[in-house]
Amino acid sequence: MLGTEQSNDRQDDEISFEHGRVDVDKLHRFLSETCWAEGRTLATVQVSLTHSLVVSAHRDGEMIGFARASSDCAVFAHIMDVVVWPEHRGRELGRRLVAALLAHPELATVTHWYLRTRDAHGLYAGLGFEAVDDGYNMRLVK
């Protein structure tokens with residue numbers, strides 16, 4: 001699994017695939033206030049992290065963004081829980097987190113990527129995702 005890398009375009013941001021860098025309590029507090037994860041328990045968040053490839057963004061040692069993927073590491077992957085703390089939005093951090101998952105070597109053979117979104121279609125379309133019929137689901141077939 002990959003470790004931490006310094007971002008070239010955002011000198012103070014780090015992108016990390018290390019599970020130990022995820023501030024689980026902070027993530028749980030943030031997720032529990034979203035429309036898709038309202039009421040999700042800390043225990044559920046912990047289990048979801050255990051069974052996912054995680055990527056987090058950090059500035060000055062503080063987690064400022066997060067995303068995860070669940071995959072069979074062969075054909076299928078589902079990207080979930082892409083979040084960027086409000087004070088760090090507007091710098092394409094969410095895009096960089098998703099791009100990091102798409103480029104991860106453990107997912108190199110994945111050809112079918114999925115995610116759900118209500119309001120970030122433009123962000124994901126810029127990475128090659130296309131909307132599907134229901135207006136929420138998007139997919140990328142490589």
Side-chain angles (χ1 to χ4, degrees), residues 1-10 12-59 61-142:
M1 189 147 312
L2 296 179
T4 301
E5 62 187 49
Q6 190 74 23
S7 169
N8 292 334
D9 60 341
R10 304 291 186 219
D12 296 326
D13 296 345
E14 290 179 90
I15 303 294
S16 175
F17 290 98
E18 296 174 35
H19 275 254
R21 298 276 318 265
V22 176
D23 183 336
V24 180
D25 292 325
K26 182 177 184 178
L27 178 62
H28 171 252
R29 284 190 304 274
F30 192 95
L31 287 175
S32 67
E33 296 177 4
T34 64
C35 61
W36 71 88
E38 185 177 1
R40 192 179 293 175
T41 67
L42 177 59
T44 298
V45 171
Q46 290 169 324
V47 169
S48 72
L49 298 180
T50 300
H51 298 285
S52 297
L53 175 66
V54 301
V55 62
S56 53
H58 304 266
R59 179 172 275 202
E62 179 185 355
M63 189 172 74
I64 60 173
F66 174 85
R68 68 185 181 98
S70 177
S71 178
D72 62 9
C73 295
V75 177
F76 172 85
H78 189 112
I79 295 174
M80 297 164 279
D81 296 334
V82 180
V83 293
V84 174
W85 274 255
E87 61 272 21
H88 297 283
R89 292 180 183 159
R91 299 189 341 239
E92 297 193 350
L93 192 53
R95 178 186 184 91
R96 289 173 39 224
L97 290 166
V98 173
L101 289 170
L102 294 173
H104 195 282
E106 288 184 22
L107 304 178
T109 63
V110 170
T111 54
H112 290 76
W113 291 85
Y114 297 89
L115 59 84
R116 288 181 56 87
T117 185
R118 284 188 186 180
D119 57 3
H121 291 80
L123 168 90
Y124 301 117
L127 292 166
F129 285 85
E130 300 171 348
V132 293
D133 295 337
D134 69 4
Y136 289 97
N137 288 299
M138 298 182 77
R139 67 179 176 180
L140 169 67
V141 179
K142 288 186 174 181

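Every value quoted in this text rests on a predicted model; they were computed, and no experiment measured them.
Annotation: Glu87, atom CD; neighbour count of heavy atoms from other residues, nucleotides and ligands within 6.0 Å is above 12. Around atom CD of Glu130, no more than 12 heavy atoms belonging to other residues, nucleotides or ligands sit under 6.0 Å away.
Within the structure, salt bridge (Lys or Arg N to Asp or Glu O under 4.0 Å) pairs that include any residue of residues 43-53 do not occur (at least two apart or interchain). The salt bridge (Lys or Arg N to Asp or Glu O under 4.0 Å) pairs that include a residue from residues 71-84 are Arg40-Asp81, Arg68-Asp81, where partners are two or more places apart or lie in different chains. Listed by first then second residue, pairs satisfying salt bridge (Lys or Arg N to Asp or Glu O under 4.0 Å) with a partner in residues 26-35 read Lys26-Glu62, not counting sequence neighbours.
A donor-acceptor distance shorter than 3.5 angstrom exists from the side chain of Ser71 to the backbone of Phe76, with no hydrogens or angles considered. A donor-acceptor pair under 3.5 Å is absent between the side-chain atoms of Thr34 and the main chain of Phe30, judged by distance alone. Within the 3.5 Å criterion, the main-chain N or O of Val54 finds no donor-acceptor partner in the side chain of Ser52. Counting only distance, with no hydrogens or angles, the side chain of Arg95 and the backbone of Gly126 share a donor-acceptor pair below 3.5 Å.
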Run the side-chain contact (heavy atoms from CB on, under 4.5 Å) check on Lys142 and Val110 step by step: do they pass?
CA-CA 8 Å; Lys142 288 186 174 181; Val110 170; over 6 Å; no
His104 and Phe17: CA distance, side-chain angles, deciding distance, side-chain contact (heavy atoms from CB on, under 4.5 Å) verdict
CA-CA 9 Å; His104 195 282; Phe17 290 98; 3.3 Å; yes
Show the numbers, then the answer: is there a side-chain contact (heavy atoms from CB on, under 4.5 Å) between Thr117 and Asp119?
CA-CA 6 Å; Thr117 185; Asp119 57 3; 3.9 Å; yes
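For the atom pair CD1 of Ile64 and NE2 of His88, the computed distance is 4.5 Å after rounding to the nearest 0.5 Å. In this structure, Ser70 OG and His78 NE2 are separated by 8.0 Å, a value rounded to the nearest 0.5 Å. In this structure, OG on Ser48 lies 7.5 Å from CE on Met80, to the nearest 0.5 angstrom. The distance from atom OG1 of Thr44 to atom CG of Leu49, rounded to the nearest 0.5 Å, is 10.5 Å. In this structure, the separation between CZ on Arg139 and OH on Tyr114 is 6.0 Å, given to the nearest 0.5 Å. Once rounded to the nearest 0.5 Å, the distance linking CG of Leu53 with CD1 of Ile79 reads 9.5 Å.
In plain terms, the two heavy atoms of Ala100 and Ile15 that are nearest each other are CB-CG2, 4.1 Å. When every heavy atom of Ala57 is checked against every heavy atom of Leu93, the shortest pair comes out as CB-CD1, 3.6 Å. Of all heavy-atom pairs spanning Ala131 and His121, the tightest one is CB-CD2, 4.3 Å. The two residues Leu127 and Ala99 have their closest heavy-atom pair at CD2-CB, 4.2 Å. Val45 approaches His28 most closely through the heavy-atom pair CG2-CD2, 3.8 Å. A pairwise comparison of heavy atoms in Leu101 and Ala67 identifies CD1-CB, 3.9 Å as the closest pair.
Tested against Glu14, the residues Arg96, Arg21, Arg59 include a single salt bridge (charged side-chain N to carboxylate O under 4.0 Å, His left out) partner, Arg21.
Residues Trp113 and Phe129 keep their aromatic ring centres 6.0 Å or farther apart.
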